[in-house]
Amino acid sequence: MKTLYKRVLVTGGAGFLGSRLCARLVAEDCEVICVDNFYTATKDNVSQLLGHPHFELMRHDITFPLYVEVDEIYNLACPASPVHYQFDPVQTTKTSVHGAINMLGLAKRTKARILQASTSEVYGDPECHPQSETYWGRVNPIGPRACYDEGKRCAETLFFDYHRQHRLEIKVARIFNTYGPGMHPNDGRVVSNFIVQALKGEPITLYGDGSQTRSFCFVDDMIEGFVRLMASPAEITGPINLGNPIELSMRQLAERIRELTGSKSELVYRPLPQDDPTQRQPDITRARELLGWEPRVPLDDGLKQTIFYFEGLLSRGLA
């Protein structure tokens with residue numbers, strides 16, 4: 001008898017974005033298979049879902065084939081912060097490339113629609129600003145960030161080749177900086193770094209002169225973008241930028257977090273890491289026009305929720 005529920009696979013499903021997506025899909029009466037090798041994730045992220053009859057947790061590394069029956073696949077598996085993806089760069093590349101091949105093969109066999117969680121890092125250190133999907137990028141292919149940047153670029157290539165060669169229904173989302181409750185306290189990302197340092201009263205570390213810019217999207221807004229892209233007509237393949245077009249400098253972010261936490265932490269400066277982008281701001285015209293999507297959560301509201309989350313971790317000695 002055919003199931004009444006849509007069967008959805010989420011790779012990297014116990015991670016920051018994946019766990020939030022799993023919760024959203026379960027709430028929408030999907031049967032969710034959450035796959036993760038727990039390289040950077042933790043079961044705590046999905047603990048509230050473990051007893052749900054429509055949720056299944058599977059420990060698996062997508063660099064190896066996976067045989068399940070599904071209707072949709074969200075491919076989120078890959079370490080996403082420099083601290084994690086540079087720890088084992090060869091494995092990072094394998095996850096992006098071999099993982100994409102395995103998930104595309106699964107989608108081909110099951111005739112599933114598949115979404116690739118790509119990244120704004122495919123643009124590298126951009127020569128155009130803001131970045132639109134038509135920009136091909138400026139990436140150092142042999143630098144320390146290349147395992148992630150080039151791995152994701154290759155994954156996009158594979159997705160579009162499967163689409164052209166096998167008529168696979170694909171969706172490619174280019175994710176810009178995302179933050180919110182559920183972030184790993186030691187992942188090296190700027191929001192988590194600044195908040196933890198501010199709450200502990202430690203110096204807040206800025207790199208370079210703090211003038212480099214980023215654009216920050218709250219996690220719930222990002223998940224809404226995923227769901228809308230997956231549900232869009234088959235001819236909408238992407239790539240589509242998902243992120244907040246409001247740009248601010250690292251110094252501005254540090255000062256805002258210091259103000260919201262009431263911290264007296266001083267700002268300290270360290271050398272800028274190699275190939276660190278100086279500007280990052282999405283052009284989300286496509287997302288607005290094709291998906292009716294744009295971020296809704298103001299930065300201060302999102303930061304307050306994230307600060308509250310990290311206060312809880314610190315009170316339990318978890319950060």
Exercise for the section: To the nearest 0.5 angstrom, please state how far the CG atom of Leu290 sits from the CG atom of Leu229. Expected result: 9.5 Å
Practice task
Would you name the heavy atoms of Arg286 and Pro239 that are closest together and state the gap between them?
Solution key: NH1-O, 2.8 Å
Problem - Worked verdict on Thr213 versus Gln281 for side chain to side chain donor-acceptor pair (under 3.5 Å) - result: CA-CA 8 Å; Thr213 66; Gln281 180 189 19; over 6 Å; no
Problem - Between CD1 on residue Ile101 and CG on residue Leu158, distance to nearest 0.5 Å - result: 5.0 Å
Problem - Audit row: Ser120, Arg280, side chain to side chain donor-acceptor pair (under 3.5 Å) steps and yes/no - result: CA-CA 8 Å; Ser120 62; Arg280 185 70 84 230; 3.3 Å; yes
Practice task
Decide yes or no for Asn140 and Gln274: does some side-chain heavy atom of the first lie under 4.5 Å from some side-chain heavy atom of the second?
Solution key: yes
Handout entry: Smallest separation among heavy atoms of Met230 and Ile73, with atom names
Key = CE-O, 3.3 Å
Handout entry: ILVMFWY network linking Phe226 to Phe216, side-chain heavy atoms under 4.5 angstrom
Key = yes
Handout entry: Residues Glu72 and Arg7 bridged, charged N to O under 4.0 Å
Key = no
Problem - Pair Arg256 + Glu259, salt bridge at N-O below 4.0 Å - result: yes
Practice task
Give a yes or no on whether Ile142 atom CD1 has more than 12 heavy-atom contacts from other residues, nucleotides or ligands under 6.0 Å away.
Solution key: no
Handout entry: Same apolar cluster: Phe16 and Ile195, side chain cutoff 4.5 Å
Key = yes
Practice task
Could you check if a side-chain atom of Tyr74 sits within less than 4.5 angstrom of a side-chain atom of Leu9, using non-hydrogen atoms only?
Solution key: no
Handout entry: Over all atoms of both residues, closest heavy-atom pair of His60 and Leu66
Key = NE2-CB, 3.8 Å
Exercise for the section: Only pairs at least two apart or in different chains count here, so list each ring pair (Phe, Tyr, Trp, His ring centres under 6.0 Å) that has a residue in residues 299-319. Expected result: none
Handout entry: Linked, directly or transitively: Phe159 and Tyr135 (ILVMFWY side chains, under 4.5 Å)
Key = no
Problem - Flag side-chain contact, heavy atom, 4.5 Å: Trp293 against Ile240 - result: no
Handout entry: Glu255 side chain near Leu267 side chain, heavy-atom distance below 4.5 Å
Key = yes
Handout entry: CD on Gln197 to OG on Ser265, rounded to 0.5 Å
Key = 7.5 Å
Handout entry: Closest non-hydrogen atom pair between Asn75 and Ala100, with its separation
Key = ND2-CA, 4.3 Å
Practice task
For the pair Asn45 (side chain) and Ala14 (backbone), establish whether a donor and an acceptor sit closer than 3.5 Å, ignoring hydrogens and angles.
Solution key: yes
Exercise for the section: Check Leu17 against Ile223 and note the closest heavy-atom contact, atom names and distance. Expected result: O-CD1, 3.6 Å
Practice task
Please answer: with hydrophobic residues joined when any side-chain heavy atoms are less than 4.5 Å apart, are Met183 and Leu21 in the same cluster?
Solution key: yes
Handout entry: Beyond-backbone contact of Ile62 with Met103, side-chain heavy atoms, under 4.5 angstrom
Key = yes
Exercise for the section: Decide, yes or no, whether a salt bridge links Glu69 with Arg109 under the criterion of side-chain N to carboxylate O below 4.0 Å. Expected result: yes
Problem - Salt bridge present between Asp71 and Lys6 (N-O < 4.0 angstrom) - result: no
Handout entry: ring pair (Phe, Tyr, Trp, His ring centres under 6.0 Å): pairs with one or both residues in residues 171-203, sequence neighbours excluded
Key = His84-His184, Tyr179-Phe218
Problem - Residues which pass ring pair (Phe, Tyr, Trp, His ring centres under 6.0 Å) with Tyr162, listed by chain and number, not counting sequence neighbours - result: His166
Handout entry: side chain to side chain donor-acceptor pair (under 3.5 Å) between Asn193 and Thr205, worked out
Key = CA-CA 8 Å; Asn193 273 0; Thr205 308; over 6 Å; no
Practice task
Please check if atom CZ in Phe38 has more than 12 non-hydrogen atoms from other residues, nucleotides or ligands closer than 6.0 Å.
Solution key: yes
Problem - Exceeds 12 heavy-atom contacts within 6.0 angstrom, atom CZ of Arg288 - result: yes
Fill in the blank from the handout: To the nearest 0.5 Å, atom OG of Ser263 lies from atom CD1 of Ile257 at 10.5 Å
Exercise for the section: Determine the minimum heavy-atom distance between Val196 and Pro185, stating which atoms define it. Expected result: CG2-O, 4.2 Å
Problem - Selection residues 226-242 - residue pairs positive for side chain to side chain donor-acceptor pair (under 3.5 Å), sequence neighbours left out - result: Tyr123-Asn241, Lys171-Ser232, Glu224-Arg228
Exercise for the section: Return yes when atom CD1 of Ile246 has more than 12 non-hydrogen atoms of other residues, nucleotides or ligands closer than 6.0 Å, and no otherwise. Expected result: no
Exercise for the section: Show your reasoning for whether side chain to side chain contact (heavy atoms under 4.5 Å, CB included) applies to Lys200 and Leu314. Expected result: CA-CA 9 Å; Lys200 288 183 174 181; Leu314 286 166; 3.5 Å; yes
Problem - Salt-bridge criterion met for Arg59 and Asp36 (N-O under 4.0 Å) - result: no
Practice task
Determine the sole option in Lys152, Arg145, Arg138 for which the salt bridge (Lys or Arg N to Asp or Glu O under 4.0 Å) test with Glu121 is passed.
Solution key: Arg145
Practice task
Kindly indicate whether the side chain of Ser19, heavy atoms from C-beta on, has any atom under 4.5 Å from the side chain of Leu49.
Solution key: no
Completion exercise
Residues passing the salt bridge (Lys or Arg N to Asp or Glu O under 4.0 Å) test with Arg164, sequence neighbours excluded, are Asp161
Handout entry: Full working for side chain to side chain contact (heavy atoms under 4.5 Å, CB included) between Asp187 and Arg189
Key = CA-CA 6 Å; Asp187 66 2; Arg189 299 190 211 208; 2.9 Å; yes
Practice task
May I ask you to decide whether Glu294 forms a salt bridge with Arg296, counting only side-chain N to carboxylate O separations under 4.0 Å?
Solution key: yes
Exercise for the section: Indicate yes or no for a side-chain donor-acceptor contact from Gln252 to the backbone of Ser249 under 3.5 Å, with no hydrogens or angles considered. Expected result: yes
Practice task
Please answer whether the main-chain N or O of Cys30 pairs with a side-chain N or O of His54 as donor and acceptor at a distance below 3.5 Å.
Solution key: no
Problem - Non-hydrogen side-chain atoms of Arg24 and Glu28 separated by less than 4.5 Å - result: yes
Exercise for the section: Not counting sequence neighbours, which residues clear ring pair (Phe, Tyr, Trp, His ring centres under 6.0 Å) with His129? List them please. Expected result: none
Practice task
Look up atom CG in Asp149 and atom OG1 in Thr92, then write down how far apart they are to the nearest 0.5 Å.
Solution key: 11.0 Å
Exercise for the section: Side-chain contact test, heavy atoms from C-beta onward, threshold under 4.5 Å: evaluate it for Ser96 versus Thr93 and give yes or no. Expected result: no
Fill in the blank from the handout: So OG of Ser215 and CD of Glu247: to nearest 0.5 Å the spacing works out to 5.5 Å
Practice task
For Gln212 and Leu272, run side chain to side chain contact (heavy atoms under 4.5 Å, CB included): C-alpha distance rounded to whole Å, both residues' side-chain angles, the deciding distance at 0.1 Å, then the answer.
Solution key: CA-CA 10 Å; Gln212 66 271 38; Leu272 195 66; 3.3 Å; yes
Handout entry: Side chain Asp221, main chain Val297, donor-acceptor under 3.5 Å
Key = yes
Practice task
Check the hydrophobic clustering (I, L, V, M, F, W, Y; side-chain heavy atoms under 4.5 Å; chains of links allowed) and say if Ile33 and Val227 are grouped together.
Solution key: no
Problem - Polar side-chain atom of Asn102 near backbone of Thr63 as donor-acceptor pair, under 3.5 Å - result: yes
